[in-house]
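Single-structure report; data block below.
Worth knowing before you read on, the calculation uses all heavy atoms, side chains too, and leaves out hydrogens, waters and symmetry mates. Given the structure is predicted, the values throughout are model-derived calculations rather than measurements.
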Amino acid sequence: MRCSVPVLLSGLMLISNMAHADELRERANAIFKPIPAKVTEVRGKAVSPDQAQLGHKLWFDPRLSRSHVISCNTCHNLSLGGGDNVTTSIGHGWQKGPRNSPTVLNAVFNAAQFWDGRAEDLQAQAKGPVQAGVEMNNTPERVVATLKSIPEYANEFKQAFPNDKDPVSFDNMAYALEAFEVSLITPDAPFDRYLKGDDTALDAKQKEGLALFMDTGCTACHSGVNVGGQGYFPFGVIKKPGAEILPAGDKGRFTVTNTATDEYVFRAAPLRNVELTPPYFHSGEVWDLEQAVAIMGDSQLGRTLKEDEVGAIAAFLRSLTGEQPHVAYPVLPASTSNTPRPE
């Protein structure tokens, strides 16, 4: 049986396209990894359901703040992609924070926490905002006194930390929050399905954007399971943005290391769910994803990206939006006459 020339050519083109698709996926799998369906341990230690359940309540409890107004969810709203969608967060006494609130979704996959990486893990990170004067403005002693004054919490801490002589502690509060946060992951994004072999999960423009993302050098900073969050890089490798985007007074990781070469160095932002978390950058001064992509091309790569290239890369980034965690708002235990009053 003979094959006509058009049919033969069509078959060859199909084979060529399949080979190209497999090559793109193979390259992508060497750089990125899909988000797992579940995380069951942190730092090699299994997360207990009792600890996670306690952390779930603490996440939404504003009594961890001195004012009894601000909870973890205030600045890391789980209905808004794990951030708060404002330039910089508003904290105690209506003070404006210095940096944009990073998302907590998939934060368990980051090498360190905060824009400057000053917290080595989520437990250490959980302690920071509670004590920061511009955020929750509380003290470990006052937090412990609050939690101990509420019998239901005292019992839940005993259940969650049965081997501790004094289970209601500031460290255990932070660990419970961490145990809850490891559940805040967003698997099954279109990009994850593509990495696993579903060629239809990304459209042609998103695949073009993926290729550009790899070919132009974006992956030098944004790789791994969280598409970033693994290293520290100067903001303005080739060309520093203007002061409205890179405020001169915020020297980034330099404030942690006191090393001159760390001036204006920040942790590479994890890009999972990035379409849900404007405004962008540590300054929170850029609201448009395409604009953010163009700035990165100019500042980090020394390349003025064409409009269609910016559009394709942004389309790829939107494929990183995964299944959002469904977290019920908990009923919190009542305060008692011994609970410290809000200030």
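- There is no path of hydrophobic side-chain contacts, each under 4.5 Å, that joins Leu301 to Val293.
- Met173 places a side-chain heavy atom less than 4.5 Å from the side chain of Leu58.
- Between the side chain of Lys45 and the backbone N or O of Glu41, no donor-acceptor pair lies under 3.5 Å.
- By the rule that hydrophobic residues join a cluster once side-chain heavy atoms approach within less than 4.5 Å of another member, Leu271 and Val237 end up as members of separate clusters.
- Judged by distance alone, with hydrogens and angles left aside, the side-chain atoms of Gln125 form no donor-acceptor pair with the main-chain N or O of Ala119 at under 3.5 Å.
- Side chains of Asp198 and Thr200: a donor on one and an acceptor on the other come within 3.5 Å.
- Of the possible donor and acceptor atoms, one in the side chain of Asp121 sits under 3.5 Å from a partner among the backbone N and O of Ala124.
- Heavy-atom minimum distance, Val286 versus Ala292: CG1-N, 3.8 Å.
- Looking at Ile31 and Met214, their side chains come closer than 4.5 Å, going by heavy atoms from C-beta outward.
- In this model, a donor atom of one side chain and an acceptor atom of the other lie less than 3.5 Å apart for Gln123 and Arg43.
- In the hydrophobic cluster analysis, where Ile, Leu, Val, Met, Phe, Trp and Tyr join through side-chain heavy atoms closer than 4.5 angstrom, Leu246 is grouped apart from Val265.
- Within the structure, every pair that satisfies the ring pair (Phe, Tyr, Trp, His ring centres under 6.0 Å) test and touches residues 294-343, not counting sequence neighbours, is listed here: Phe60-Tyr329, Phe191-Phe316, Phe213-Phe316.
- Of the charged side-chain nitrogens involved, at least one lies within less than 4.0 Å of a carboxylate oxygen, so that Glu290 and Arg318 count as a salt-bridged pair.
- For the pair Arg142/Thr139, a side-chain contact is recorded, criterion being any heavy-atom separation below 4.5 Å from C-beta on.
- Annotation for Ile185 and Pro325: closest pair O-CD, 4.0 Å, computed over non-hydrogen atoms.
- The closest donor-acceptor contact from the side chain of Tyr175 to the backbone of Phe161 lies at 3.5 Å or more, if one exists at all.
- Under 3.5 Å, the side chains of Asp288 and Tyr280 contain no donor-acceptor pair of N or O atoms.
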Report the C-alpha distance between His282 and Asp250 in whole Å, list the side-chain angles of each, state the deciding distance to 0.1 Å, and finish with yes or no for side chain to side chain contact (heavy atoms under 4.5 Å, CB included).
CA-CA 9 Å; His282 68 284; Asp250 187 348; 3.4 Å; yes

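- Nearest heavy-atom pair across Pro333 and Ile150 is CB-CG2, 3.6 Å.
- Partners of Gln159 according to the side-chain hydrogen bond (donor to acceptor under 3.5 Å, both in side chains) rule, which considers only residues two or more places apart in sequence or in another chain, are Asp50.
- In this structure, Gly97 and Val134 approach most closely via the heavy-atom pair CA-CG2, 4.0 Å.
- Under a cut-off of 6.0 angstrom, the local environment of CD in Gln53 is sparse, with at most 12 non-hydrogen atoms contributed by other residues, nucleotides or ligands.
- Counting all heavy atoms, side chain and backbone alike, Arg27 lies closest to Asp215 at NH2-OD1, 2.6 Å.
- For the pair Leu195/Lys33, no side-chain contact is recorded, criterion being any heavy-atom separation below 4.5 Å from C-beta on.
- Between Lys205 and Asp203 no salt bridge is recorded (no basic side-chain N to carboxylate O distance below 4.0 Å).
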Can Glu343 and His92 be said to form a side chain to side chain contact (heavy atoms under 4.5 Å, CB included), step by step?
CA-CA 10 Å; Glu343 295 179 2; His92 185 80; 5.7 Å; no

Yes or no on salt bridge (Lys or Arg N to Asp or Glu O under 4.0 Å) for Lys127 and Asp171, after CA distance, side-chain angles and deciding distance?
CA-CA 8 Å; Lys127 298 176 183 179; Asp171 280 347; 2.5 Å; yes

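- Looking at Asn29, its side chain does come within 3.5 Å of a backbone N or O of Arg25 through a donor-acceptor pair.
- A salt bridge does not link Lys306 with Asp308: every distance from a Lys NZ or Arg NE/NH1/NH2 to an Asp or Glu carboxylate oxygen is 4.0 Å or more.
- Counted within 6.0 Å of CD on Glu307, heavy atoms from surrounding residues, nucleotides or ligands total 12 or fewer; the atom is thus considered open.
- A donor-acceptor pair under 3.5 Å is absent between the side-chain atoms of Gln131 and the main chain of Pro140, judged by distance alone.
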Mind running side chain to side chain contact (heavy atoms under 4.5 Å, CB included) on Ile313 and Leu305 for me, showing each step along the way?
CA-CA 10 Å; Ile313 291 174; Leu305 295 169; 4.1 Å; yes

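- Taking the side chain as every heavy atom from C-beta outward, Leu289 and Val274 approach each other to under 4.5 Å.
- A salt bridge links Asp116 with Arg99: at least one charged nitrogen is closer than 4.0 Å to a carboxylate oxygen.
- Applying the ring pair (Phe, Tyr, Trp, His ring centres under 6.0 Å) rule to pairs touching residues 94-131 yields nothing, sequence neighbours excluded.
- For the residue pair Asn100 and Thr88, no side-chain donor N or O sits within less than 3.5 Å of a side-chain acceptor on the partner.
- Asn273 and Thr186 are linked by a side-chain donor-acceptor pair at a separation below 3.5 angstrom, with hydrogens and angles left out of the test.
- Put simply, CG on Asn110 and CG on Leu122 are 8.0 Å apart, with the number rounded to the nearest 0.5 Å.
- Rounding to the nearest 0.5 angstrom, the gap separating the OH atom in Tyr153 from the OG1 atom in Thr339 is 10.5 Å.
- A cation-pi arrangement is not found for Arg253 relative to Phe266, the charged atom failing to lie both closer than 6.0 Å to the ring centre and inside a 45° cone about the ring normal.
- Remark: the backbone N or O of Asp199 is paired with a side-chain donor or acceptor of Lys207 at under 3.5 angstrom.
- Listed for the Gln300 side chain is a donor-acceptor partner under 3.5 Å among the backbone atoms of Gly236.
- Cation-pi contact between Arg267 and Tyr232: absent, since separation from the ring centre below 6.0 Å together with deviation from the ring axis within 45° is not met.
- With contacts defined as side-chain heavy-atom distances shorter than 4.5 Å, the pair Asn106/Leu184 does not qualify.
- Val104 and Val39 fall within the same hydrophobic cluster, where Ile, Leu, Val, Met, Phe, Trp and Tyr residues are linked whenever their side-chain heavy atoms come under 4.5 Å apart, directly or through other members.
- For Pro340 against His68, the heavy-atom pair with the smallest separation is O-CE1, 3.1 Å.
- Ring planes of Phe180 and Trp59: tilted class, angle from 30 to 60°.
- Inter-residue side-chain proximity for Arg303 and Glu309 is flagged as met; some heavy-atom pair is nearer than 4.5 Å.
- Residues Tyr194 and Leu212 fall within the same hydrophobic cluster, defined by Ile, Leu, Val, Met, Phe, Trp and Tyr side chains chained together at heavy-atom separations under 4.5 Å.
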For Arg193 and Asp188: C-alpha separation, side-chain torsions, deciding distance, then whether side chain to side chain contact (heavy atoms under 4.5 Å, CB included) applies.
CA-CA 6 Å; Arg193 298 198 299 272; Asp188 205 34; 3.3 Å; yes

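- Side-chain N or O atoms of Thr219 include none that pairs as donor or acceptor with a backbone N or O of His222 at under 3.5 Å.
- Defined by atom type and a distance below 3.5 Å, a donor-acceptor pair is present between the side-chain atoms of Thr257 and Asp262.
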Checking Phe235 against Phe281 for the ring pair (Phe, Tyr, Trp, His ring centres under 6.0 Å) test, could you report, in this order, the C-alpha distance in whole Å, the side-chain angles of both residues, the deciding distance, and whether it holds?
CA-CA 10 Å; Phe235 193 170; Phe281 308 133; 5.2 Å; yes

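- A heavy-atom distance below 4.5 Å is found between the side chains of Ile35 and Arg272.
- Inspection of the Ser319 and Gln206 side chains reveals no N or O donor paired with an N or O acceptor under 3.5 Å.
- Within the 3.5 Å criterion, the main-chain N or O of Val69 finds a donor-acceptor partner in the side chain of Ser65.
- Side chains of His76 and Ser101: a donor on one and an acceptor on the other come within 3.5 Å.
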